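All of these numbers come straight from a predicted model, not from anything done at the bench. Residues: numbered from 1 along the sequence shown.
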Amino acid sequence: EMEKYSITLLDYTDEGGKIVQELKNNINTKIKELHKIVIYHGNLHSNNIFLDHVSKEIKIIDFGRSMFIEDMFEENIESLVEDINTFLET
């Protein structure tokens, strides 16, 4: 199935492809679908989005830095608590 999605968004635009509203909508929809299942990609950029330049359908790849959204908040809260404790100790 990846053969259908043979070009990255970066390559598509470098070759003169236009980011039309339909493509923007498809990217936005995919991001919302990820967030709906509480996944934060963590490294989303034009080399991690492949597309079928005819249908404007997209695939997002490279989830190496992704995390569940609730884990992301837990990490931030733990870091914030550590920072506050460090500040209070000084």
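- Take Asp14 and apply the side-chain hydrogen bond (donor to acceptor under 3.5 Å, both in side chains) test, not counting sequence neighbours, and it matches no residue.
- The side-chain hydrogen bond (donor to acceptor under 3.5 Å, both in side chains) search around Asp52 returns Ser55, not counting sequence neighbours.
- Under the 4.5 Å side-chain heavy-atom criterion for grouping Ile, Leu, Val, Met, Phe, Trp and Tyr, Leu9 is not connected to Val54 through any hydrophobic cluster.
- In this structure, CG in Asp11 is found 6.5 Å from CG in Asn47, a value given to the nearest 0.5 Å.
- Between Ile39 and Ser66 the shortest heavy-atom distance is CG2-CB, 4.2 Å.
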Side-chain donor/acceptor pairs under 3.5 Å, residues 26-34, sequence neighbours excluded:
from	atom 1	to	atom 2	distance (Å)
Asn26	ND2	Lys56	O	2.6
Thr29	OG1	Asn25	O	2.8

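- For His35, there are no side-chain hydrogen bond (donor to acceptor under 3.5 Å, both in side chains) partners, not counting sequence neighbours.
- The distance from atom CD1 of Ile7 to atom CG of Leu51, rounded to the nearest 0.5 Å, is 6.5 Å.
- Proximity of a side-chain donor or acceptor of Asn43 to a complementary backbone N or O of Gly64 within less than 3.5 Å is not detected.
- With sequence neighbours left out, Glu22 forms a salt bridge (charged side-chain N to carboxylate O under 4.0 Å, His left out) with no residue at all.
- Summarising the geometry, atom CD1 belonging to Ile61 is positioned 7.5 Å from atom NE2 belonging to His41; distances are rounded to the nearest 0.5 Å.
- Rounding to the nearest 0.5 angstrom, the gap separating the CD1 atom in Ile58 from the CD1 atom in Ile49 is 5.5 Å.
- Rounding to the nearest 0.5 Å places OG of Ser46 at 4.0 Å from CG of Leu10.
- Using a 4.5 Å heavy-atom cutoff, the side chains of Leu23 and Tyr12 are in contact.
- Nearest approach of Phe50 to Tyr5, heavy atoms of both residues: CD2-O, 3.1 Å.
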